[in-house]
Undergrad: 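My questions all concern the structure below.
The figures here come from the full heavy-atom set of this structure, side chains too, leaving out hydrogens, waters and symmetry mates.
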Amino acid sequence: MTTLRVYLAGPIRGCSEEQQTWWRKEVKERLNREFEFEDPTDWADDKGIPLEIAKLEACDIVLANMWKESIGTTLGIVRARQQGKPVVLIDPNRISNAILDTLVLPETHVHSIDEACMRVRKLAVEFKPFVVAKKDGEPEDFNPRKLARSVSAAAAAAGRGDPGFEEQISGPVIAKLRREGGQSGTVTTERIRTAVFERLEWMHGDPNLPRDLRTRAADILEAWKQREKVKRGEDTIKEYEERALRAEEDAANWKRLLQDLRGQPVPVPEPEDRAEKSGPRYTTIDQMLRDVTKRWKAFLVFHDEAKATARRIKPGLSPRGLEDLYALLERLGEFAKDRAFAAVADETPPDFSERFGDRYAPTESKETKDRYRKEPLEHGGKKYHGLQHLKMTDERGRKVRVYFDEISTAQFLVCAIGHRETFGYDG
C-alpha cells in the first residue's frame with residue numbers, strides 16, 4: 001500500500017525559526033515510520049501560492065497547528081476541506097475559533113500533539129487499498145506512477161513539459177482518487193479521466209493562479225482530449241480489422257464445411273405423428289412445413305408470417321397439393337444449396353429463370369405491390385419485402401405463390417405462402 005502523506009500546516013510568517021519548526025519536527029519524529037510529510041518550511045525559498053496549494057492537495061491528510069491565528073493556515077484548511085480532505089486541528093492555546101471548528105467537521109479539534117498523532121493514525125485506517133476497474137472489466141491495482149506518466153505525456157504533447165507543474169496536476173488528483181478509492185474499494189478509468197479533467201479545468205479557471213499557469217493547464221487539457229480522439233480512432237480501426245479477420249476465418253470455416261457437404265444428399269426427415277405411414281404423407285400444412293423446415297434449415301428460413309399465411313389458405317390444400325408445395329419448396333432449398341456451393345468453388349451461380357422457368361417471378365406487378373405487404377417484415381435486425389416468388393397451380397386451378405427474399409448467397413427468407421385470397425385480396 002502507498003504510504004500516506006500528511007501536510008503540516010501552521011503559522012510561518014512573523015514567526016521565529018524555532019516557532020516554525022519545533023512542533024513539525026516532533027510530529028515527524030512520532031509518525032516518521034508510518035507516514036510521509038509535506039513540510040512548508042522545507043521549501044522556504046519558494047513559497048508561491050500555487051506551489052503551496054499543489055503540495056497541500058497532493059497530501060492525504062492535513063494536520064494544522066493553530067497555536068496562533070493565521071490567515072495562511074486558515075486558507076489552507078479551507079482549501080483542504082474543499083478537496084474533501086480530513087483535517088486534524090490542534091488548538092493548544094484553546095483559541096476555540098468557532099469558524100475553524102465548523103470547517104474541520106466532522107472532526108473536532110484537539111489540544112496536544114499526542115492527540116493529533118493519534119487522530120492521524122485513526123484517519124489513516126480509512127485509506128484502504130483499492131483497484132481500478134478497466135474498460136475490459138479486468139481490475140488492476142491503482143498505480144499513481146501510471147497516472148503521473150499520462151499527465152507527463154499530455155504535457156509533452158502540448159509542448160508544456162515541466163515536472164514541477166505536472167506534479168501540481170497529478171498530485172492532487174492522486175490524493176483525491178486515494179480518498180475515493182479507499183472508501184469504495186474501486187475507481188473506474190472514466191473516473192480517473194474525469195478527475196484529471198476537473199483538475200485542469202479548475203487550474204485554467206482559477207483567477208488566483210498566474211496567467212501562464214492557467215494557459216498551461218488549458219493547453220494540456222486540449223492535448224489530452226486530442227490524444228483521446230486519436231486513440232479512439234486507432235481503437236476503431238483495430239476493432240474493424242479484428243472483425244474483418246474474424247469474418248475471413250468464419251468464411252474459411254464455412255467454405256470448408258460446404259466443401260465437405262458437397263455431393264452429400266440432404267437427409268429426408270422421417271414421418272412423425274401419423275398413425276399410418278402407408279397413407280398420404282401430409283394431411284395438414286403444419287406437417288409439410290415441419291418436414292421441409294427440418295430438411296432445409298441451413299438454406300431456408302421460414303418467417304412466422306409465412307407459416308401464418310399458409311394456414312389461412314381456404315379451402316386447405318389436398319394431400320396432393322401439399323406434396324406439390326413440398327416439392328416446390330424443396331426445389332427452392334436445393335437451389336439455395338447449389339448457389340452456396342457455387343460461391344465456395346468460385347463457379348457461376350445457378351440462374352432463377354433457367355432453373356424455374358416461368359414458375360419464377362423476380363417481383364410483383366405494381367397493382368399487387370400496392371396491395372401486398374405494404375409494411376416490410378423484420379428478420380435478424382433487417383427489413384424484407386419478399387416480392388420474389390415461385391408459383392404453382394393446385395388441383396382446383398388456383399395459383400399458390402411462395403414469396404421470398406435473399407438473406408445471403410446461401411439462404412432465402414420465405415415471407416409468405418398462399419394465393420391472392422389468402423393475402424386478403426378479392427382476386
Side-chain angles (χ1 to χ4, degrees), residues 1-12 15-47 51-67 70 73 76-77 79-81 83-92 104 106-132 140-149 163-164 166-168 170-187:
M1 180 178 177
T2 306
T3 303
L4 300 180
R5 295 182 66 81
V6 179
Y7 188 92
L8 301 176
I12 292 180
C15 301
S16 66
E17 182 177 349
E18 184 177 2
Q19 288 173 325
Q20 294 175 14
T21 60
W22 77 267
W23 68 270
R24 291 182 167 92
K25 289 180 180 178
E26 190 168 342
V27 169
K28 286 189 278 190
E29 287 176 0
R30 298 189 186 195
L31 300 177
N32 187 40
R33 296 182 180 179
E34 304 168 57
F35 301 89
E36 294 179 353
F37 298 92
E38 197 60 66
D39 183 348
T41 63
D42 291 340
W43 23 276
D45 293 336
D46 186 5
K47 294 184 180 179
L51 183 60
E52 287 188 27
I53 292 175
K55 288 185 175 293
L56 183 146
E57 291 184 348
C59 290
D60 304 291
I61 301 171
V62 174
L63 192 159
N65 187 0
M66 192 69 76
W67 57 272
S70 166
T73 304
I77 292 173
R79 185 59 192 158
R81 295 306 297 152
Q83 292 291 311
K85 296 181 188 293
V87 177
V88 177
L89 177 63
I90 308 176
D91 182 13
V104 300
E107 298 298 322
T108 56
H109 63 257
V110 296
H111 300 297
S112 68
I113 291 177
D114 282 340
E115 290 179 285
C117 290
M118 291 175 61
R119 185 69 60 81
V120 168
R121 290 190 180 99
K122 180 181 177 182
L123 289 171
V125 176
E126 299 177 5
F127 289 81
K128 300 175 183 177
F130 65 96
V131 297
V132 176
E140 68 175 18
D141 292 336
F142 176 65
N143 186 347
R145 292 187 181 88
K146 185 176 180 180
L147 174 57
R149 286 196 298 269
E166 293 161 19
E167 182 182 345
Q168 294 183 47
S170 59
V173 173
I174 291 168
K176 176 183 285 191
L177 294 173
R178 282 179 180 164
R179 290 193 306 277
E180 294 178 3
Q183 295 174 4
S184 65
T186 304
V187 169

Undergrad: Measuring from atom CZ of F35 to atom CG of D60, what distance do you get when rounded to the nearest 0.5 angstrom?
TA: 9.5 Å
Undergrad: Hey, which of K55, K25, K28 is the one that makes salt bridge (Lys or Arg N to Asp or Glu O under 4.0 Å) with D39?
TA: K28
Undergrad: Sub-3.5 Å donor-acceptor pair from the side chain of R24 to the main-chain atoms of G10, do we have one?
TA: yes
Undergrad: Residues in side-chain hydrogen bond (donor to acceptor under 3.5 Å, both in side chains) with T186, at least two apart?
TA: none
Undergrad: How far apart are the closest heavy atoms of I61 and V120, and which atoms are they?
TA: CD1-O, 4.0 Å
Undergrad: How long is the straight-line distance from CD of E26 back to CD1 of I113, given to the nearest 0.5 Å?
TA: 4.0 Å
Undergrad: For K122, which residues count as a side-chain hydrogen bond (donor to acceptor under 3.5 Å, both in side chains) partner, sequence neighbours excluded?
TA: none
Undergrad: Would you give the length of the straight line joining atom NE2 of H111 to atom CG of L89, rounded to the nearest 0.5 angstrom?
TA: 9.5 Å
Undergrad: Report the residues that fulfil salt bridge (Lys or Arg N to Asp or Glu O under 4.0 Å) with R149, sequence neighbours left out, ordered by chain and then residue number.
TA: none
Undergrad: State which residues pass side-chain hydrogen bond (donor to acceptor under 3.5 Å, both in side chains) with E38; sequence neighbours excluded, sorted by chain then number.
TA: R5, W43
Undergrad: With a 4.5 Å cut-off on side-chain heavy atoms, are P86 and R119 touching?
TA: no
Undergrad: Which residues pass the side-chain contact (heavy atoms from CB on, under 4.5 Å) test with E29, not counting sequence neighbours?
TA: none
Undergrad: Could you tell me which non-hydrogen atom of D91 sits nearest to which non-hydrogen atom of M66, and how far apart they are?
TA: OD1-O, 4.2 Å
Undergrad: For W23 and A9, which heavy atoms make the closest approach, and how far apart are they?
TA: CH2-O, 3.2 Å
Undergrad: State, with a plain yes or no, whether a side-chain heavy atom of L147 is found less than 4.5 Å away from one of L177.
TA: yes
Undergrad: side-chain hydrogen bond (donor to acceptor under 3.5 Å, both in side chains) with T73: which residues, sequence neighbours excluded?
TA: S70
Undergrad: Using the test salt bridge (Lys or Arg N to Asp or Glu O under 4.0 Å), find all partners of K146 that sit at least two apart in sequence or belong to another chain.
TA: E140
Undergrad: With a 4.5 Å limit on heavy-atom distance, are the side chains of V6 and L31 in contact?
TA: no
